[in-house]
Amino acid sequence: MAEVLLRAHQLTRRFGGLAAVNGVSVQLWRGCIHAVIGPNGAGKSTLTNLLSGEMPPTSGQVQLGSTDVTGWAPERIARQGLGRSYQKVNLFLPFTVHENIRLAAQSRAAQQPWNPLHWCADTRRDTIKNRAIGERVASVMELAGLKDRRNASAGTLSHGEQRQLEIAMTLATEPQVLLLDEPLAGMGVAEAERMVQLLQDLKPAHAIMLVEHDMDAVFALAEQITVMVNGQVIAHGTPAQVRADAAVQTAYLGQDH
Ligand SMILES: Nc1ncnc2c1ncn2[C@@H]1O[C@H](COP(=O)(O)OP(=O)(O)OP(=O)(O)O)[C@@H](O)[C@H]1O
């Protein structure tokens, strides 16, 4: 049986009288892409924010591995192994691909005061640390398909490459759980195909939650789909189960899927 890396139990988030997320439970498994779909305003981004700690829930729990991280700050949750990308591209545009990924990797290294390297002499520690960071940056750059763009500044990349870079920066922090908010948004066909392949490559080692409007990609990639409408889960299951669900047909997918 695959390993559950993240469990959210009965999460609710209210904004005044509006329950943007209302009693939502999800489980993310290693080796599994779990898509969360729903119309605009369904609560998908709010759910992502609750899982990553950007926003505390009004009620409910989030458990990462065996640790209850409910109410933790986002940096602390990130250190515990959760990485996320955002709907809007979030890069240091004048810096190169390599520099952007390296900064992300260094931020991770700086957050490990318990690392035994801290007990080494300064120069030796820096050499070992720099080598480890360099190796991590190289492997992430390769995995994200950006090796050939190493020295290009982020501002000169295509939109698709910028999204690949964002995911590479997230990977540089060595997450086990990835929350990806519309990674395919605004992409052309070739770029979308590259991103779909990247997500397939990342799947075996990670638990991935994918918030995405591109239904072809969702139904091709996801093992599990949760459908939200007005803050609530109206259906959950495999792509085939969700496609056949009458409530989903009425509320969201229409006749095409
Ligand atoms: N900070 C906030 N303050 C007040 N209301 C909010 C806040 N954030 C979200 N909402 C409301 O919560 C509801 C859910 O919004 P959310 O952005 O989570 O939906 P979504 O499914 O991600 O939509 P989209 O697909 O358009 O990104 C919406 O009605 C939105 O207006």
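Residue numbers count from 1 along this sequence. Just so you know, ligand 1 is whichever comes first in the structure, and atom 1 is the first atom listed for that ligand.
- The shortest N or O to N or O distance between K44 and ligand 1 is under 3.5 Å.
- Counting heavy atoms under 4.0 Å from ligand 1, residue L18 touches it through the side chain alone.
- Salt-bridge annotation for E182 and K44: absent, with no side-chain N of the basic residue lying under 4.0 Å from a carboxylate O of the acidic one.
- A salt bridge is absent between R102 and E99; no separation between the charged side-chain nitrogens and carboxylate oxygens falls under 4.0 Å.
- Looking at V242 and P239, their side chains never come closer than 4.5 Å, going by heavy atoms from C-beta outward.
- For the residues A20, G43, S45, P39, the heavy atom positioned nearest atom 19 (O) of ligand 1 is part of G43.
- No heavy atom of G38 sits closer than 4.0 Å to any atom of ligand 1.
- A 4.5 Å side-chain heavy-atom check between Q61 and R7 finds every atom pair outside the cut-off.
- Of the residues listed (Q27, Q241, Q224), the one engaging H236 in a side-chain hydrogen bond (donor to acceptor under 3.5 Å, both in side chains) is Q224, and it is the only one.
- Listed by atom number, the atoms of ligand 1 under 4.0 Å from H213 heavy atoms are 25 (O).
- Within the listing of ligand 1, atoms 19 (O), 20 (P), 21 (O) sit less than 4.0 angstrom from a heavy atom of A42.
- The one candidate from T170, T96, V140, I133 that meets the side chain to side chain contact (heavy atoms under 4.5 Å, CB included) condition with I101 is V140.
- With a 4.0 Å cut-off on non-hydrogen atoms, M228 does not touch ligand 1 at all.
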